[in-house]
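Below you'll find the structure, written out as structure tokens, and then a few comments.
Numbering starts at 1 and runs along the sequence shown.
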Amino acid sequence: MIETVATTPYSDQKPGTSGLRKKVRLFQQPHYAENFIQSVFDVVEGKAGATLVIGGDGRFLNREVIGKAIRMAAANGFARVVVGQGGILSTPAASNLIRRRGAIGGLILSASHNPGGPDEDFGIKYNIANGGPAPEAITDAIFRRTTTLDNYRIAAAPDVDIDTLGTSEVAGMTVEVIDPVADYADLMERLFDFPAIRAAGLSMAFDAMSAVTGPYAVEIFERRLGFAPGTVRNAVPLEDFGGHHPDPNLVHARALYDAMMAPDAPDFGAASDGDGDRNLIIGRGIFITPSDSLAMLAANAQLAPGYAVGLKGIARSMPTSAAADRVAAALGIPAFETPTGWKFFGNLLDAGMATICGEESAGTGSDHVREKDGLWAVLLWLNILAATGRSVAEIAREHWARFGRNYYARHDYEGVDSAAADALMRDLRAALDTLPGRGFGALTVVEADDFAYRDPTDASVSAHQGVRVLFEGGSRVVFRLSGTGTSGATLRVYLERYEPPVGDLAAETGAMLADLVAAADAIAGITRHTGRTAPDVIT
């Protein structure tokens with residue numbers, strides 16, 4: 001039996017760059033999750049008789065919301081739901097499954113790299129038929145629907161057993177519980193030279209951060225590639241990620257970093273985040289920034305079987321350093337600069353205009369799916385190491401000697417009062433016209449703007465995507481408010497200094513960026529607006 005349940009709208013269900021993310025206690029309000037899911041289903045066209053993929057990163061509330069989503073899908077006319085066993089499905093694996101199964105889309109239940117648990121974060125994201133995040137036109141329509149919704153539909157049936165592989169029925173709809181790892185691992189084995197990686201004799205440490213990539217990493221690294229048992233640390237997904245913050249950066253993955261800086265470090269270290277779409281890359285004695293990783297992967301991608309024919313183009317988010325642009329120029333292929341958010345890469349990938357994409361926030365991927373993919377980046381690095389016989393440090397030094405080095409860091413000011421953060425950005429935008437020609441210490445501004453993007457595939461325009469301040473010599477500072485937090489505001493300040501191949505390529509990053517840090521505070525009044533004298537996280 002299908003029930004129609006009366007409800008009232010919530011005013012705070014506007015999706016951010018990657019879906020709706022809120023504290024668990026907000027999702028536990030009566031009808032809160034149901035309202036958002038019904039709004040998604042009301043916006044989706046052609047759902048009658050279609051297939052829907054559902055899965056998540058295993059965080060607290062994952063199972064409960066999956067149960068509701070399955071019963072609501074049955075009540076809204078879907079013919080089949082495909083769900084990962086135990087509710088587990090990494091974001092890139094979900095993207096692959098949507099594409100492979102010809103699904104109309106999927107619900108991914110995750111707050112990505114945000115912490116989990118009863119007092120922490122939860123999220124719901126809708127991905128469309130290409131496997132990628134819903135574009136702004138759809139997320140805007142979903143939000144409009146949330147403001148007018150007065151009922152939702154749900155099947156009056158027990159929750160499906162999602163721990164047992166196989167099929168069952170809910171109100172006439174087929175529910176298929178699948179192995180969440182197999183299809184994705186098979187795809188990776190097609191893209192990369194697994195025999196060469198096995199034969200290279202590399203040692204490795206991978207931190208799954210008690211998050212979703214644990215089962216995938218064990219299958220791929222330890223079983224298929226033959227790395228030693230225990231190579232994958234924190235391999236079991238936990239509802240609260242073991243009380244840790246599943247963000248693969250140098251603060252939250254400090255134990256891995258320390259291990260990789262030790263004299264007895266393995267050849268290669270890596271980590272992934274809550275839902276498996278981000279990555280951290282560390283060689284023995286050297287950390288590779290996400291921006292450098294994108295550039296180095298693009299420069300060497302042809303060494304992997306899946307990219308042997310070369311790249312069609314490289315795309316990066318605007319805050320990501322310009323290191324990848326120099327690789328694209330050397331390869332004679334286009335370089336695209338997009339707003340933050342993987343959905344902006346989807347059109348380029350679908351149009352065959354780009355092959356590899358990346359964001360400074362540790363997201364890297366290719367046209368194999370329509371999401372960033374943490375394990376994909378790790379495997380491409382392993383393939384490059386195996387094919388060249390070089391270490392991570394040697395790959396980095398050779399890259400900088402050829403292309404120059406973009407010294408780069410991101411300073412995050414987390415939990416800033418939203419009004420103060422908005423005032424900072426408002427004042428900054430108002431001052432843009434006055435900045436060119438002004439000096440800040442040894443730096444002189446040559447250009448300042450509020451980044452806007454015109455999509456080359458459909459001519460859509462996305463404005464107000466972050467403030468850029470460019471200095472003589474190629475240095476720059478970017479200011480942006482993040483759309484991935486769940487409370488307050490996160491001010492992100494991106495700092496970049498370019499050194500040519502004949503410049504200083506072996507300096508300490510903090511020292512190289514000190515002038516930019518001072519200039520950023522003087523330009524935006526960070527301390528004055530926020531009261532903060534230092535960032536919470538530096539990556």
Report task. Please determine if Asp163 and Arg63 form a salt bridge, counting it only when a charged side-chain N lies under 4.0 Å from a carboxylate O. Result -> yes

**Report entry** Minimum-distance pair of heavy atoms, taken over all atoms of Phe227 and Thr231
**Finding:** CB-OG1, 3.6 Å

Query raised in the report: Does a donor on one side chain sit under 3.5 Å from an acceptor on the other, for Asp275 and Ser90?
Result: no

Query raised in the report: Distance-only, no hydrogens or angles: does the Arg59 side chain make a donor-acceptor pair with backbone N or O of Asn114 under 3.5 Å?
Result: yes

Query raised in the report: Going by distance alone, is a donor N or O of one side chain under 3.5 Å from an acceptor N or O of the other, for Thr490 and Asp412?
Result: no

Report task. State, to 0.1 Å, how close Leu505 and Glu499 come at their nearest heavy-atom pair, and which atoms those are. Result -> CD2-O, 4.0 Å

Query - No-hydrogen, no-angle side-chain donor-acceptor test under 3.5 Å, Ser293 and Trp381 - result: yes

**Report entry** Carboxylate-amine/guanidinium proximity below 4.0 Å for Asp119 and Lys23
**Finding:** no

Requested in this report: List the steps and the verdict of side chain to side chain contact (heavy atoms under 4.5 Å, CB included) for Arg405 and Thr509.
Outcome: CA-CA 11 Å; Arg405 183 174 182 181; Thr509 297; 4.0 Å; yes

Query raised in the report: Are the side chains of Phe268 and Val378 in touch, meaning some heavy atoms are under 4.5 Å apart?
Result: yes

Query raised in the report: Do Glu414 and Arg492 meet the salt-bridge criterion of a basic N to acidic O distance under 4.0 Å?
Result: no

**Report entry** From Glu136, Gln465, His464, Met318, residue fulfilling side chain to side chain contact (heavy atoms under 4.5 Å, CB included) relative to Pro339
**Finding:** Gln465

Report task. Kindly indicate, with the supporting measurements, whether the criterion side chain to side chain contact (heavy atoms under 4.5 Å, CB included) is fulfilled by Thr340 and Ser317. Result -> CA-CA 5 Å; Thr340 296; Ser317 63; 4.2 Å; yes

Query raised in the report: Between Asp121 and Arg21, is the closest basic N to carboxylate O distance under 4.0 Å?
Result: no

Report task. Look at the side chain of Arg278 and the backbone N and O of Thr364, then say whether any donor-acceptor pair between them is shorter than 3.5 Å. Result -> no

Requested in this report: Please answer whether the main-chain N or O of Ala134 pairs with a side-chain N or O of Lys125 as donor and acceptor at a distance below 3.5 Å.
Outcome: no

Query - Residues Asp422, Arg426: salt bridge by 4.0 Å N-O rule - result: no

Requested in this report: Give, for atom CD1 of Ile98 and atom CG of Asn130, the distance between the pair rounded to the nearest 0.5 Å.
Outcome: 8.5 Å

Query raised in the report: Any idea how Phe122 and Phe27 line up, ring-wise: parallel (<30°), tilted (30 to 60°), or perpendicular (>60°)?
Result: perpendicular

Report summary line: CE (Met261) and CZ (Arg254) are apart, to the nearest 0.5 Å, by 9.0 Å

Query raised in the report: When you check the gap from the basic side-chain N to the acidic O, do Asp267 and Arg390 get nearer than 4.0 Å?
Result: no

Query raised in the report: Between the side chain of Tyr413 and the main-chain N/O of Ala534, is any donor-acceptor distance below 3.5 Å?
Result: no

Query raised in the report: Could Arg326 and Tyr498 be counted as a cation-pi pair, given that NZ or CZ must be under 6.0 Å from the ring centre and within 45° of the axis?
Result: yes

Query raised in the report: Are a donor atom and an acceptor atom from the side chains of Thr527 and Asp521 found within less than 3.5 Å of each other?
Result: yes

Query raised in the report: With no hydrogens and no angle check, is any side-chain donor or acceptor of Glu496 less than 3.5 Å from a backbone partner on Ala322?
Result: yes

Query raised in the report: So do Ile314 and Thr355 actually touch side chain to side chain, heavy atoms under 4.5 Å?
Result: no

Query - Interatomic spacing from CE in Met188 to CZ in Phe221 - rounded to 0.5 Å - result: 10.0 Å

Query - Check: Met512 main-chain N/O paired with Arg497 side-chain donor or acceptor under 3.5 Å - result: yes

Query raised in the report: Do side-chain atoms of Arg316 reach the backbone of Ala335 as a donor and acceptor pair under 3.5 angstrom?
Result: no

Query raised in the report: Step by step, would you call Leu89 with Val83 a side chain to side chain contact (heavy atoms under 4.5 Å, CB included)?
Result: CA-CA 8 Å; Leu89 203 59; Val83 60; over 6 Å; no

Query raised in the report: Do Tyr257 and Asp207 have a side chain donor and acceptor closer than 3.5 Å?
Result: no

**Report entry** Steps toward side chain to side chain contact (heavy atoms under 4.5 Å, CB included) verdict (Val469, Arg476)
**Finding:** CA-CA 6 Å; Val469 181; Arg476 69 171 186 163; over 6 Å; no

**Report entry** Interatomic spacing from CG in Leu311 to OG in Ser366 - rounded to 0.5 Å
**Finding:** 9.0 Å

Query - Test item: Ile523 and Val477 side chains (from C-beta on) under 4.5 Å apart, heavy atoms - result: no

Report task. May I ask you to check whether over 12 heavy atoms, not counting those of Arg25, lie within 6.0 Å of atom CZ? Result -> no

Requested in this report: Kindly say whether Ser361 contributes a backbone atom to a donor-acceptor pair with the side chain of Glu359 at under 3.5 angstrom?
Outcome: no

Query - Any donor-acceptor N/O pair, Glu394 side chain to Ser391 backbone, under 3.5 Å - result: yes

Report task. Look at the aromatic rings of Tyr307 and Phe192 and report parallel, tilted or perpendicular, splitting at 30° and 60°. Result -> tilted

Query raised in the report: Taking all non-hydrogen atoms of both residues, which atom of Ala396 and which atom of Ile288 are closest, and how far apart?
Result: CB-CD1, 3.9 Å

Query raised in the report: Going by atom types only, do Ser291 and Asn406 share a side-chain donor-acceptor pair under 3.5 Å?
Result: no

**Report entry** Spacing of His113 atom NE2 and Phe241 atom CZ [to the nearest 0.5 Å]
**Finding:** 11.5 Å

Query raised in the report: Taking the side chain as C-beta and beyond, is there a heavy-atom pair between Asp273 and Met209 under 4.5 Å?
Result: no

Requested in this report: To the nearest 0.5 angstrom, please state how far the CD1 atom of Ile286 sits from the CZ atom of Arg397.
Outcome: 7.0 Å

Requested in this report: Find out whether Ile220 and Phe206 are in side-chain contact, i.e. whether some heavy atom of one side chain is under 4.5 Å from a heavy atom of the other.
Outcome: no

Requested in this report: Can you label the angle between the Phe403 ring and the His399 ring as parallel, tilted or perpendicular, going by 30° and 60°?
Outcome: tilted

Report task. Determine whether the side chains of Thr530 and Asp417 contain a donor N or O and an acceptor N or O closer than 3.5 Å. Result -> no

Query raised in the report: Within a strict 4.5 Å, meaning less than it, do heavy atoms of the Ile395 and Val392 side chains meet?
Result: no

**Report entry** Closest approach of Ala211 to Pro215 (non-hydrogen atoms, all atoms of both residues)
**Finding:** O-CD, 4.4 Å

Query raised in the report: Between Val537 and Thr539, is any pair of side-chain heavy atoms under 4.5 Å apart?
Result: yes

Query - Side chain proximity check, Phe143 to Leu20, heavy atoms < 4.5 angstrom - result: no

Query - Positive for side chain to side chain donor-acceptor pair (under 3.5 Å) with Glu371, one of Asn96, Thr91, Asn127 - result: Asn127

Report task. Kindly give the heavy-atom pair with the smallest separation between Val212 and Gly56, and that separation in Å. Result -> CG2-O, 3.9 Å

Query raised in the report: Does Tyr494 reach the main-chain N or O of Glu360 with its side chain, forming a donor-acceptor pair under 3.5 Å?
Result: no

Report task. Determine the interplanar angle of the His368 and Trp376 rings, folded into 0 to 90°, and report it as parallel if under 30°, tilted if 30 to 60°, perpendicular if over 60°. Result -> parallel

**Report entry** Nearest heavy atoms of Ile356 and Leu297, plus distance in Å
**Finding:** CD1-O, 4.5 Å

**Report entry** Donor-acceptor side-chain pairing of Ser110 and Asp57 below 3.5 angstrom
**Finding:** yes

